[in-house]
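This report concerns only the one structure given below.
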Amino acid sequence: MATTGNTKSDQGSSGRVDVSTAMRNAAEQLAQLLQREPDSVSSLNATDDGWTANVEVVEIEKIPDTMSVMASYRVSLDGQGQLVGYERIRRYARGQVDR
């Protein structure tokens with residue numbers, strides 16, 4: 001998955017990329033590092049320095065897929081949408097429901 005280049009239309013008046021570009025960049029750049037396709041972006045928040053996102057990734061595929069092992073990664077992006085850090089914050093079975 002290739003990272004998108006940021007154009008002026010991707011950036012708001014603050015010079016920060018817009019929310020959809022930040023979400024896309026978080027998923028794409030994490031996929032490049034992990035060599036796994038993200039399943040979803042479960043949260044995205046603006047910070048003083050850029051963005052933080054939680055990205056869900058299938059780490060181990062199993063049958064049935066509800067038994068697959070998922071991981072949630074916290075991804076930090078700068079204001080231009082470039083990944084500056086990430087960490088795995090949780091592993092869980094796909095069928096697991098938070099209480």
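All of these numbers come straight from a predicted model, not from anything done at the bench.
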### Task
Kindly state each residue pair satisfying salt bridge (charged side-chain N to carboxylate O under 4.0 Å, His left out) with at least one member in residues 66-83, sequence neighbours excluded.
Arg74-Glu87
### Query
Is it true that Tyr92 and Tyr73 fall in one hydrophobic cluster, defined by side-chain heavy atoms closer than 4.5 Å?
no
### Task
Decide if atom CD of Glu61 counts as having more than 12 heavy atoms of other residues, nucleotides or ligands within a radius under 6.0 Å.
no
### Task
Over all heavy atoms of both residues, which pair between Gln29 and Gly81 is shortest? Give the atoms and the distance, please.
NE2-O, 2.8 Å
### Task
Is it possible for you to say whether Val69 and Met67 belong to one hydrophobic cluster, with membership spreading through side-chain heavy-atom contacts below 4.5 Å?
no
### Summary
Separation between CD1 (Ile89) and CG (Asn54), nearest 0.5 Å, reads 4.0 Å
### Query
When rounded to the nearest 0.5 angstrom, what is the spacing between CZ in Arg24 and CG in Asp18?
7.5 Å
### Message
If you compare all heavy atoms of Val55 against all heavy atoms of Pro38, which two are closest, and at what distance to 0.1 Å?
### Response
CG1-CB, 3.5 Å
### Query
Distance from Ser72 atom OG to Glu56 atom CD, nearest 0.5 Å?
3.5 Å
## Note on the structure
Sequence neighbours excluded, the answer for side chain to side chain donor-acceptor pair (under 3.5 Å) partners of Thr47 is none
#### Entry: Euclidean distance, Asp49 CG relative to Arg16 CZ, rounded to 0.5 Å
8.5 Å
### Message
Contact between Val58 and Met70 at the side-chain level, heavy atoms closer than 4.5 Å - yes or no?
### Response
yes
### Query
Between Ala53 and Leu44, what is the shortest heavy-atom contact and its length?
CB-CD1, 3.7 Å
### Query
Of the non-hydrogen atoms in Gln80 and Gly15, which two are nearest, and what is the gap between them?
NE2-O, 3.7 Å
### Query
Just wondering, do Leu83 and Leu33 contact through their side chains at under 4.5 Å, heavy atoms?
yes
### Message
I'd like to know whether Arg91 forms a side chain to side chain contact (heavy atoms under 4.5 Å, CB included) with Ile60, so could you lay out the CA-CA distance, the side-chain angles of the two residues, the decisive distance to 0.1 Å, and finally the verdict.
### Response
CA-CA 10 Å; Arg91 287 183 93 187; Ile60 302 170; 3.7 Å; yes
### Query
So does Ile63 have more than 12 non-hydrogen atoms from other groups sitting under 6.0 Å from CD1?
no
### Message
Can you confirm whether Trp51 sits close enough to Val75 that some side-chain heavy atom of one is under 4.5 Å from a side-chain heavy atom of the other?
### Response
no
### Query
With no hydrogens and no angle check, is any side-chain donor or acceptor of Arg94 less than 3.5 Å from a backbone partner on Asp65?
yes
### Query
Ignoring hydrogens and geometry, is there a side-chain-to-backbone donor-acceptor pair from Ser76 to Thr52 under 3.5 Å?
no
